[in-house]
Amino acid sequence: MGDMLIIALREGIEAFLIVAIAAAYLRKTGRAALLPAVWAGTAVALAVSLFVGGWLLEYAVQPIYEGLLAAIAAALVISMAVYMNSAGRRMGKEIGERLETAAVMPGAGAWLGVFLFVVLMVSREGVETAFMTIAVAKNEGNEALVAGALIGIALAVTLAWAWLRWGRRVNLTLFFQATSIFLILFSLQLLLYAFHEFTEAEALPLDNTYWHVATEEWAEGRYAKIYSALMVLAPLAWAAYASLRARLK
């Protein structure tokens with residue numbers, strides 16, 4: 001449940017912040033008439049994400065496809081962590097600049113521009129979540145998966161609301177740093193899982209049987225569960241350390 005909770009929290013924060021910042025920007029600049037484009041774009045993005053998740057579930061049934069999905073998810077996780085670490089501080093400014101470009105289009109072009117911007121931005125988070133959810137689903141039961149997702153989304157909504165309400169009091173930089181630690185560790189687990197599935201499919205130019213047995217406990221067994229716990233504890237430890245260090249300065 002812990003893996004899914006942090007994934008839902010991280011992805012939910014990014015998605016909800018995009019929507020919240022876009023809505024706040026349009027209101028502040030006197031373009032409230034374009035808010036329906038934000039809501040419509042969000043709805044379409046969620047539908048796209050659910051479609052991608054369903055499509056992945058259909059094909060993630062053979063070892064070779066499970067390995068490919070895990071490898072793709074790892075690449076998405078790493079790129080997302082790197083991007084958000086550099087963009088987290090200026091996220092609001094960047095969204096405002098892109099919305100400004102879209103909102104100044106003449107006539108219906110402004111509505112369409114805002115709509116497409118929201119669809120693309122939120123869909124990116126949703127598709128990343130779909131890939132990671134499929135990967136986590138291999139090691140967690142349905143009940144734990146759903147519980148983790150619901151708790152993570154609820155926390156994401158709360159944090160996004162707090163950011164809009166109190167602004168600088170919510171340390172998004174620390175949040176993105178801590179969750180990036182989890183995502184990097186998670187990506188390493190995904191790469192190991194991909195390797196394990198490729199050996200099961202005998203798709204690698206090595207002794208696939210030997211390596212499949214050798215990585216079983218690390219990819220899907222008891223060591224994998226211990227590593228999953230460490231993935232959750234490591235970012236919490238970093239957040240506590242960083243907060244304490246900031247107070248002592």
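In what follows, residues are counted from 1 in the order of the sequence shown.
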Colleague: If you compare all heavy atoms of Pro235 against all heavy atoms of Ala178, which two are closest, and at what distance to 0.1 Å?
Modeller: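 Nearest pair, atom of Pro235 first, then Ala178: CB-O, 2.9 Å.
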
Colleague: Between Gly41 and Val118, what is the shortest heavy-atom contact and its length?
Modeller: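 So the two residues come closest at C-CG1, 3.7 Å.
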
Colleague: Quick one: pull up CH2 in Trp238 and OH in Tyr241 and give me the separation to the nearest 0.5 Å.
Modeller: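 Rounded to the nearest 0.5 Å, the CH2-OH separation comes to 6.0 Å.
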
Colleague: What distance do Leu236 atom CG and Met231 atom CE have between them, rounded to the nearest 0.5 Å?
Modeller: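 That separation rounds to 12.5 Å.
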
Colleague: Is a side-chain N or O of His212 found less than 3.5 angstrom from the main chain of His196, in a donor-acceptor match?
Modeller: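 Side chain of His212 to backbone of His196, a donor-acceptor pair under 3.5 Å: yes, one is there.
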
Colleague: Within this structure, what is the CG-CG distance for the pair Leu190 and Leu183, rounded to the nearest 0.5 Å?
Modeller: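 It is 10.0 Å, given to the nearest 0.5 Å.
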
Colleague: What pairs of residues pass the salt bridge (charged side-chain N to carboxylate O under 4.0 Å, His left out) test when at least one of them lies in residues 197-213, not counting sequence neighbours?
Modeller: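 Applying salt bridge (charged side-chain N to carboxylate O under 4.0 Å, His left out) to every pair that reaches into residues 197-213, excluding sequence neighbours, yields nothing.
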
Colleague: With clusters defined by side-chain heavy atoms of hydrophobic residues (ILVMFWY) lying less than 4.5 Å apart, directly or transitively, does Leu46 cluster with Val52?
Modeller: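 In one cluster with Val52: Leu46, no.
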
Colleague: Which pair of heavy atoms, one from Ala194 and one from Gly67, lies closest together, and at what distance?
Modeller: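 Distance-wise, the nearest heavy atoms are CB-O, 3.3 Å.
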
Colleague: For Ser187 and Ala74, which heavy atoms make the closest approach, and how far apart are they?
Modeller: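 Residues Ser187 and Ala74, closest heavy atoms: O-CB, 3.8 Å.
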
Colleague: Under a 3.5 Å distance rule, please check whether Ser123 uses its side chain to pair with a backbone N or O of Leu120 as donor and acceptor.
Modeller: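 Checking the backbone N and O of Leu120 against the side chain of Ser123, no donor-acceptor pair under 3.5 Å is found.
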
Colleague: If you look only at pairs with a residue in residues 31-54, which of them pass as a side-chain hydrogen bond (donor to acceptor under 3.5 Å, both in side chains), with sequence neighbours excluded?
Modeller: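 Qualifying pairs, neighbours excluded: Thr29-Arg31, Arg31-Glu100.
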
Colleague: Can you name the residues that form a side chain to side chain contact (heavy atoms under 4.5 Å, CB included) with Ala40, not counting sequence neighbours?
Modeller: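 Once residues adjacent in sequence are excluded, the partners of Ala40 under the side chain to side chain contact (heavy atoms under 4.5 Å, CB included) criterion are Trp111, Phe115.
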
Colleague: Does Tyr227 share a hydrophobic cluster with Leu191, counting links as ILVMFWY side-chain heavy atoms below 4.5 Å and allowing steps through other members?
Modeller: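 No; tracing contacts between hydrophobic side chains, which count when under 4.5 Å, never links both residues.
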
Colleague: Once the angle between the rings of Phe186 and Phe182 is folded into 0 to 90°, is it parallel (under 30°), tilted (30 to 60°) or perpendicular (over 60°)?
Modeller: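 Rings of Phe186 and Phe182: parallel, as their planes differ by under 30°.
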
Colleague: Search all heavy atoms of Gly12 against all heavy atoms of Ala156 and return the closest pair with its distance.
Modeller: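 Looking at all heavy atoms of both residues, the shortest contact is C-CB, 3.6 Å.
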
Colleague: What's the shortest heavy-atom distance between Val119 and Ala45, and which atoms?
Modeller: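 Scanning both residues completely, I find the closest heavy atoms to be O-CB, 3.8 Å.
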
Colleague: With sequence neighbours left out, write down each residue that passes side chain to side chain contact (heavy atoms under 4.5 Å, CB included) with Leu116, or none if nothing qualifies.
Modeller: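 If we apply the side chain to side chain contact (heavy atoms under 4.5 Å, CB included) test to Leu116, skipping adjacent residues, the hits are Leu112.
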
Colleague: Transitively linked via ILVMFWY side-chain contacts under 4.5 Å: Tyr25 with Leu35?
Modeller: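 Yes, it is one cluster - the side chains of Tyr25 and Leu35 are joined through contacts under 4.5 Å.
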
Colleague: Can you name the side chain to side chain contact (heavy atoms under 4.5 Å, CB included) partners of Ala234, sequence neighbours left out?
Modeller: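 If we apply the side chain to side chain contact (heavy atoms under 4.5 Å, CB included) test to Ala234, skipping adjacent residues, the hits are Ile181, Leu185.
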
Colleague: Any chain of hydrophobic side-chain contacts (each under 4.5 Å) joining Leu192 to Ile184?
Modeller: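 No; Ile184 is not reachable from Leu192 via cluster members.
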
Colleague: Once rounded to the nearest 0.5 Å, what's the spacing between atom OH of Tyr210 and atom OG1 of Thr215?
Modeller: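 Going from the OH atom of Tyr210 to the OG1 atom of Thr215 covers 10.0 Å.
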
Colleague: Provide the full list of salt bridge (charged side-chain N to carboxylate O under 4.0 Å, His left out) pairs with a residue in residues 102-112, sequence neighbours left out, each pair given once.
Modeller: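 The answer is none; no pair qualifies.
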
Colleague: Do Ile18 and Val44 sit in one hydrophobic cluster, given that two such residues count as connected whenever their side-chain heavy atoms are within less than 4.5 Å of each other, even indirectly?
Modeller: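 Per the 4.5 Å side-chain linkage, Ile18 and Val44 are co-clustered.
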
Colleague: Going from CZ on Phe16 to OG1 on Thr158, what distance comes out if it is rounded to the nearest 0.5 angstrom?
Modeller: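 If we round to the nearest 0.5 Å, Phe16:CZ and Thr158:OG1 are 10.0 Å apart.
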
